[in-house]
Amino acid sequence: HRNMPSINWGDALESADGSDFELLPRADYNFKVTEASHKVSSTGKDMFEMKCTVVDGPHKGRVLYSNQVVSPDNPTAMGIFFRKMGALGLKADFFRANPENSAIVDAILGREFQGQVTVRTYQGNDKNEISNIRPAVRTPGSAASPRRLPRRVEYRRCPRRLPVVP
């Protein structure tokens with residue numbers, strides 16, 4: 001029958017590793033870029049997609065994705081992009097050499113970093129996001145538990161402007 005499923009979804013669900021359905025707790029984690037590719041984003045900009053795997057602690061092996069979009073028309077966004085690339089070890093001299101996108105992908109692959117994992121709501125669903133990429137701080141043989149972050153803090157704007165002191 002054409003409407004019959006091609007696999008038994010109940011059996012597949014039972015045999016699947018259910019951990020991927022659960023969000024990682026908000027914390028700092030040590031990651032390794034285990035896959036990297038260059039793509040064009042939906043807005044037509046260059047984008048580097050990174051598959052990032054937790055390398056130690058109780059969540060070792062969990063995977064998150066992080067997309068780094070190149071926005072030459074936005075100096076602030078480019079500053080963020082270069083800071084993240086710098087944390088991965090791709091410093092200014094690397095980019096001054098005007099590398100091809102494939103060279104950037106090759107340079108990203110295998111890099112380790114520390115990432116701050118947060119939870120954000122996207123289209124009504126909570127999802128993990130690597131909100132901050134910093135240089136790796138792991139020492140050989142370390143398997144420390146991730147450092148938990150404080151609960152989400154809500155910031156509000158001050159209702160009045162403070163006077164400027166000359």
Side-chain angles (χ1 to χ4, degrees), residues 5-7 9 12-13 15-138 140 142-143 146-149 152-153 155:
S6 58
I7 65 170
W9 289 107
L13 185 60
S15 67
D17 175 8
S19 65
D20 287 343
F21 294 124
E22 301 199 13
L23 295 172
L24 283 174
R26 295 186 61 200
D28 290 336
Y29 294 87
N30 294 313
F31 287 96
K32 182 175 186 173
V33 179
T34 51
E35 291 181 21
S37 62
H38 170 263
K39 296 184 178 187
V40 176
S41 73
S42 60
T43 58
K45 296 178 179 179
D46 286 311
M47 176 174 74
F48 296 93
E49 183 180 80
M50 303 185 315
K51 178 180 177 181
C52 307
T53 303
V54 177
V55 296
D56 56 17
H59 299 286
K60 181 178 180 177
R62 287 291 301 275
V63 172
L64 294 180
Y65 290 86
S66 181
N67 297 327
Q68 308 309 315
V69 179
V70 180
S71 301
D73 57 327
N74 183 333
T76 301
M78 289 308 297
I80 293 168
F81 173 81
F82 286 123
R83 275 193 298 281
K84 289 179 178 181
M85 292 296 108
L88 293 172
L90 282 66
K91 303 294 184 189
D93 286 343
F94 175 83
F95 287 100
R96 281 191 190 103
N98 204 25
E100 296 284 331
N101 290 329
S102 60
I104 297 170
V105 168
D106 290 344
I108 292 170
L109 193 58
R111 299 288 179 143
E112 291 196 8
F113 66 95
Q114 185 179 78
Q116 186 180 77
V117 173
T118 58
V119 177
R120 82 174 177 115
T121 303
Y122 179 72
Q123 296 182 345
N125 296 312
D126 286 342
K127 65 174 253 161
N128 280 135
E129 177 175 87
I130 302 174
S131 67
N132 196 356
I133 293 176
R134 296 180 302 277
V137 295
R138 186 164 86 98
S142 72
R147 181 178 62 82
R148 283 203 171 267
L149 300 174
R152 188 177 291 178
V153 177
Y155 294 96

Shortest non-hydrogen contact from [X] to [Y]?
| X | Y | value |
| --- | --- | --- |
| T118 | S131 | CG2-OG, 3.3 Å |
| I104 | P99 | CG1-CG, 3.8 Å |
| F81 | V69 | CD1-O, 4.0 Å |
| A36 | I108 | CB-CG2, 4.1 Å |
| F113 | C52 | CZ-SG, 3.7 Å |

I want to check something: taking the side chain as every heavy atom from C-beta on, are [X] and [Y] in contact at a cut-off of under 4.5 Å?
| X | Y | answer |
| --- | --- | --- |
| F31 | V117 | yes |
| K45 | D73 | yes |
| V119 | N128 | yes |
| S66 | I133 | yes |
| H38 | D46 | yes |
| L64 | Y29 | no |
| Q68 | I80 | no |
| R134 | Q116 | yes |

Supply the atom-to-atom distance [X] [atom1] to [Y] [atom2], rounded to the nearest 0.5 angstrom.
| X | Y | atom1 | atom2 | value |
| --- | --- | --- | --- | --- |
| T34 | E112 | OG1 | CD | 11.0 Å |
| N101 | F48 | CG | CZ | 4.0 Å |
| K32 | L109 | NZ | CG | 8.5 Å |
| N30 | K60 | CG | NZ | 11.5 Å |
| R62 | E22 | CZ | CD | 7.5 Å |
| M47 | S37 | CE | OG | 7.5 Å |

Please lay out, stage by stage, how N67 and S41 fare under the test side-chain contact (heavy atoms from CB on, under 4.5 Å). CA-CA 9 Å; N67 297 327; S41 73; over 6 Å; no
Please answer whether the main-chain N or O of G86 pairs with a side-chain N or O of K91 as donor and acceptor at a distance below 3.5 Å.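 Here the side-chain-to-backbone pair exists.
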As a quick check of understanding, evaluate side-chain contact (heavy atoms from CB on, under 4.5 Å) for V54 and L24, giving each step before the final call. CA-CA 10 Å; V54 177; L24 283 174; 4.3 Å; yes
